[in-house]
Amino acid sequence: MSNLPKTLNWRSVSSDIGTTKVSLKAENKRLRMQTMLFVVLFALLLPVTQQAKLSDFIDTYVNDIDLSSMKTCVFLGGESIDLVDPGDVDKGHKCTVDLPTVSDDERHAKEVCSSRIPYYITAVKHGKRTKCTFRYQQIHGKCYKVTKARFTWQDAQSACHNEFVKDFKPQVANYYYSGLQNYLWDITGVYDAWVSVPELKDYFENPGNYKAFYVDAGAYKYDARSGDLLLDDPNQKHQVLCEYTPPMTRAEMFYLANVYSEIYPIEVFAGGAIIPSANMDTIQQVGPFGKVEHFSTKVFDEKCLSIGRIFNVESYPITALEEEFNDVKDHLTSQRFFLTNAYKNDGCHKGGYRQVNHDGKAYQVYKKGKNDNSQKGDFCDAHSFSLHQTGRYPTMASARAPVLCTLHTFNWNHGACPARPKWSSKPVTFKRAYNTVFCHYINDNTPATNHEAQKRCEEFGTGLTGFDSAEEFEAVRKECEYRQQELSIKSFSVKPQYPPGEGEYYPRTPYRLLSSGTRKVNGISQQVDDHYWLGGVSPCETHCFERTGEREIAGWNDAVAINNSFLNTYNHNGWAWKIDGKQFVSFRTDNNAFHVQ
């Protein structure tokens, strides 16, 4: 099945019974009386064998199928749960039931099945009894949960957002049609709960400023029936029935791919699904900023969102990450390129490519690694980025190609940092906002020139480090301070720890704010202090004009970080922060400052 994370305590619910508000119009009242009669008979006549069958289903499919869908299968007379495709478990499960309702043709049969079963109806058969085959997904794509605490209507929305699964944008449940009550009875703990009713006048003649709440176990308090909708002053307090849209499972993706294959060529793969746009597009030039042209791929976001609305799902442009490309490359047609939401403004190296996702999070496209030649080359005029079955390619801004959209369902697991080399202390791990883990290796005791430091890192398969946020930098800096405190209890000495040799070195102490001194390094006498080389260079080479329109003093090297604003706005005390020929970025621990030298 899908590798999506499961969400505890939320569940989708379904049933074939329910009631409506006493004040509903005449036709609805008549239907309610018929339904209530069926409810009583159904409850009295439910065979013990069905309870046993449900227990068997739960034991067999508890980790694969939603509980309420299993109940629907059993209560409507389903005899078994079967694989949609016997050769592929990832395509999900199905159940076939016979409803004691006459249907005249296939369309009528589909309407009958859809009115009783809140799942994808994949096959029907009309006749004196209507046969329905359905696949297991959440109730109309939603999951529900009720709060234990009570809130006013004004606080109901924040109650859903604050208490439950924030990543899935929970909200007050939308009571969009009267038949929904047939599927809500199975939620335990519902006494009286606020719901959002789009059109109250469809249920109440004069709703005024009142809001609706749904009653179940607490119906007796209002002289109402379970399943009724009632009105109340919005300042009164009730439970809140919340809903959210869960991530799509692979089984659901396969279903949609089959249904909409004639409209869009959907491809399902291990981590999700990809959908190319029907039209050709280009990245958007948003005008020069300072002396540099600037580009944007935000137009791709709306393109993919519009495609997703057809399937009632959220879809976004595919990222240019190597991991994601490796997942989808076998599903790309060999003769076509597809645009991603990655782009580059200034700079002439591949490593300058980055992308800004729909949620505003940005990250670089290429990683720094051993024997990595991907950064080299003259790509000054390449601003777009595309995928092809054969690889990932920088592309001219004028290139026209379909946008590759994807359903983001990835759940990458990060392993431990590689074992540290002899020259490094224990690595510091930091997870950046775009779900990439960086391992920072620190050399505390071997002085080196910038060239020597770069070579040492490259031999290990990495590069001099950079930081994309103050949080990341603080995590590494505090780890350094922690180690310094361990070594400073008696001697007040601090990192870096220079080896014995000719010359004098005066470390920082409680009475000396900054370290200073000289050392003979490689036979050459030079000043030493508490500096660490970082992966930055001055003058800035990539993404240098985005903050002010003028070239930044320094910028991070390719593929170690992209937040040049953080680098150029952090503390620079103790040394002039200015362009003065070719310089490299370092961090001085005893002054907590970035320097160029």
Side-chain angles (χ1 to χ4, degrees), residues 4-21 54 58 62 64-76 114-120 134-151 153 155-198 203 211-219 224-230 232 237-249 251-252 312-314:
L4 297 176
K6 295 185 181 296
T7 304
L8 300 180
N9 297 327
W10 288 80
R11 55 191 178 127
S12 54
V13 296
S14 61
S15 174
D16 60 328
I17 59 177
T19 62
T20 54
K21 173 70 179 72
L54 177 60
I58 293 173
V62 64
D64 301 320
I65 300 178
D66 183 80
L67 174 62
S68 54
S69 58
M70 287 189 277
K71 289 183 177 180
T72 301
C73 182
V74 171
F75 293 162
L76 295 182
S114 298
S115 68
R116 299 284 298 279
I117 303 170
Y119 306 103
Y120 289 123
F134 60 93
R135 295 172 67 150
Y136 292 124
Q137 272 80 35
Q138 292 82 2
I139 168 176
H140 298 299
K142 302 291 183 181
C143 288
Y144 296 85
K145 185 179 181 181
V146 67
T147 66
K148 293 182 180 179
R150 294 174 176 271
F151 302 88
W153 172 256
D155 295 332
Q157 180 62 47
S158 58
C160 291
H161 185 267
N162 293 335
E163 293 192 15
F164 304 129
V165 189
K166 299 179 183 178
D167 291 345
F168 300 148
K169 301 177 182 179
Q171 62 182 14
V172 178
N174 186 19
Y175 197 93
Y176 51 89
Y177 85 117
S178 59
L180 187 64
Q181 62 195 322
N182 295 337
Y183 313 130
L184 298 181
W185 73 278
D186 194 41
I187 299 181
T188 58
V190 179
Y191 291 87
D192 50 89
W194 291 118
V195 290
S196 177
V197 181
Y203 300 88
K211 300 297 181 181
F213 65 97
Y214 172 87
V215 296
D216 191 353
R225 295 185 179 185
S226 176
D228 278 1
L229 279 182
L230 301 176
D232 203 357
K237 291 186 176 182
H238 296 282
Q239 296 171 290
V240 184
L241 188 62
C242 304
E243 71 176 27
Y244 80 91
T245 303
M248 187 176 291
T249 64
E252 192 170 6
N312 195 30
V313 299
E314 290 187 341

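These numbers come from the heavy atoms of this one structure, side chains and all, not from hydrogens, waters or symmetry mates.
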Inter-residue atom distance [X].[atom1] - [Y].[atom2], 0.5 Å rounding:
X    : Y    : atom1 : atom2 : value
S69  : I117 : OG    : CD1   : 11.5 Å
Y203 : L230 : OH    : CG    : 13.5 Å
W194 : C160 : CH2   : SG    : 13.0 Å
Y214 : L241 : OH    : CG    : 8.5 Å

D192 vs R150 side-chain heavy atoms within contact, under 4.5 Å
yes

For K148 versus Q239, what's the shortest heavy-atom pair and its separation?
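Looking at all heavy atoms of both residues, the shortest contact is O-CG, 4.3 Å.
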
Run the side-chain contact (heavy atoms from CB on, under 4.5 Å) test against D155 and tell me which residues pass, sequence neighbours left out.
F151, T152, S158

H238 and ring pair (Phe, Tyr, Trp, His ring centres under 6.0 Å): which partner among F213, Y191, W153?
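The ring pair (Phe, Tyr, Trp, His ring centres under 6.0 Å) with H238 is passed solely by F213 among F213, Y191, W153.
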
State which residues pass side-chain hydrogen bond (donor to acceptor under 3.5 Å, both in side chains) with Q171; sequence neighbours excluded, sorted by chain then number.
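E243.
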
Taking S196 for the side chain and V172 for the main chain, is one N or O donor matched with an acceptor at less than 3.5 Å?
no

